[in-house]
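Because only heavy atoms are used, hydrogens play no part in the values below, and waters and symmetry mates are left out as well, while side chains stay in. As the structure lists them, so they are numbered: ligands from 1, and atoms in each ligand from 1.
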Amino acid sequence: MGIPLASEARLACLADRAPTVATLCSHSSLQIFHGARVEGLPTLGISVGKPPRFYDAFPLARPDRFVSVPRVKDLGGAGVPLREAGAVIVPHGSFVEYLGSEAFGALDVPVFGNRAVLAWESDRRKEREWLESAGVSMPKRYEDASEVDGPVIVKYYGAKGGKGFYLAKNRGALAEFRPTGPYVIQEYVLGTRYYMHFFYSPLSDRGYRVGHGSLELLGMDRRDEANIDELYKLGAQEVLLKAGIRPTFVVTGNVPVILRESLLEKAFEIAARIVERSIDLFGGMVGPFCVEGIMTEELEFKVFEISTRIVAGTNLFVSGSPYSDLIEPGLSTGRRIAKEIVRARSEGRLAEVLS
Ligand code: ATP
C-alpha cells in the first residue's frame, strides 16, 4: 500500500460514480480529454469565457461538456460546480501558471498527483535542494557574480518559458546585466537538450520498480525556442545585441527526439532517484513529470529543471511514442493518467493518486 495523499472529505464527491476528468482548455487538454475518453471516463473542459471553437475540429478530444469561468482565478470559487460534477482536476503547466500556486494548493476539488510537490518545484532553491540531495547533477550555481568563471545563464524565478533570461560569455559580460526581479546565475551548459517524459505510478507492481510502485518512460522531446537555438547561441549573442535583438527562450513548439539507447540506463537512474527523494521529502511525486536537462559531450546529463506535471511536449505522442509503444501501443501521457485513475478507483486506492 502506498502513501495516502487525499483526505476522505476531499474524495467524498467521488463516491459511487466515475470521476470526471477536468482541466483548463489549453496546453495539453486535447490529449488529456482524448486519453480519458479512450479509457471510458467522462470529461469536462474549463474555459475562460466561451469554449474555444477549435475543439469542434477535434471530435475525439472534445470534452463532453464545458464550464466557463470569467478568469482562471475564479476557478476555486463557490459558483463553479466542480465537486458537484465529480471532477478530478488534471493540472498541466498552464493551469498552475495561470491559477497561481497558492490558489492551486487551496482548491477544494481532488487533483491528480500530489499537490505538495508545487512548493518544491516552484522555488528554484528548493528544487535544487531536492534534486541535489537526490544525487542528480545540475548546472553549477554561482552565489555571486564575482565567482563566475565561464559562460552563464541568468534566470528569473518561476516558470516563465525562459522569458528575459540573460546569457553572458564571461564575468565581464555579466557586469552589463540589469536585473528586473529575483534571479539565479547558473553555469551555461553546452550540449544537447532532452526533455524526458516520465510517469511514476505508486499503484503498479511490475516493470521498473521504484519506491512502492514503478517508473515508466513515455516519450521525449526537444523544445523549439525562439529566437535562439543550439550551438550558435553564445557566439551569436554579441552580434545580435548590436542589432538590438535580445535572445529569448520562448517556447514555440516541440520536436520528438530519442536518446542513444545506451543512455537510457542513466536516464532511468536519474528519474528514479528524483522519485525516491520526493517520497522522503513530501510523500512522493505521482503521475507525469519531465526531467529537463543537457547531455554534455562527456555524456553527463545535467538537469536544469523538473516539471512535475504533464508537459506540452507530450502532445507529440497522442498515439504513442517510440517508448510508450513498448509498454502499450497507442499510450499517450493523457491516456496513462486516465488509466491510473481508473485503476485506483477499481482498487479503492484513489487517495494514493489524488490530493
Ligand atoms: P519553463 O518552466 O517554461 O520550462 P523556465 O522559465 O523555468 O521555463 P528553464 O526551463 O529553466 O526556464 O529554461 C528555459 C530554457 O533555457 C531551457 O529550455 C534551455 O534551453 C535553456 N537553459 C536553461 N538552463 C540552462 C543551462 N544551465 N545551460 C544552458 N541552457 C539552459
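Residue contacts with ligand 1, taken as heavy atom pairs separated by less than 4.0 Å, do not involve Tyr156 at all. Residue Val251 does not touch ligand 1, judged by heavy-atom distances below 4.0 Å. Only backbone heavy atoms of Glu187 (N, CA, C or O) come within less than 4.0 Å of ligand 1; its side chain stays farther off.
Across Ile89, Val48, Val67, a single residue satisfies side-chain contact (heavy atoms from CB on, under 4.5 Å) together with Leu75, and that is Ile89.
Without hydrogens or angle criteria, Thr43 side chain to Val21 main chain gives no donor-acceptor distance under 3.5 Å.
Looking at Glu143 and Arg141, a side-chain N of the basic residue comes within less than 4.0 Å of a carboxylate O on the acidic one, giving a salt bridge. A salt bridge between Arg223 and Glu292 is present, with a side-chain N of the basic residue lying under 4.0 Å from a carboxylate O of the acidic one. Note on Glu328 versus Arg335: salt bridge recorded, some NZ/NE/NH1/NH2 to OD/OE distance being below 4.0 Å. We find that Arg171 and Glu147 are not joined by a salt bridge, their nearest charged nitrogen and carboxylate oxygen being 4.0 Å or further apart.
Residue contacts with ligand 1 include Arg124, since one of its heavy atoms falls under 4.0 Å from the ligand.
Note: no N/O pair closer than 3.5 Å links Ser307 and ligand 1 by distance alone. Of the polar atoms of Phe249, none of the N or O atoms is found under 3.5 Å from an N or O of ligand 1, judged by distance alone.
Proximity of the aromatic rings of Phe165 and Tyr183 is defined here by a centroid distance below 6.0 angstrom, and this criterion is not met. Proximity of the aromatic rings of Tyr200 and Phe289 is defined here by a centroid distance below 6.0 angstrom, and this criterion is not met.
Less than 4.0 angstrom separates some heavy atom of Arg193 from each of these atoms of ligand 1: 19 (C), 20 (O). Close approach to Ile294 involves these atoms of ligand 1, each under 4.0 Å from a residue heavy atom: 28 (N), 29 (C), 30 (N). Residue Pro139 approaches ligand 1 through these ligand atoms, each under 4.0 Å from one of its heavy atoms: 27 (N). Of all the atoms in ligand 1, the ones that sit under 4.0 Å from a non-hydrogen atom of Arg223 are 4 (O). Of all atoms in ligand 1, numbered sequentially from 1 with element shown, those under 4.0 Å from a heavy atom of Tyr195 are 17 (C), 18 (O), 19 (C), 20 (O). Of all atoms in ligand 1, listed by their number and element, those nearer than 4.0 Å to a heavy atom of Lys155 are 11 (O), 23 (C), 24 (N).
Distances from atom 28 (N) of ligand 1 to the heavy atoms of Val311, Val152, Val189 show the closest one on Val189.
Judged by the 6.0 Å and 45° rule, Arg62 forms no cation-pi pair with Tyr55.
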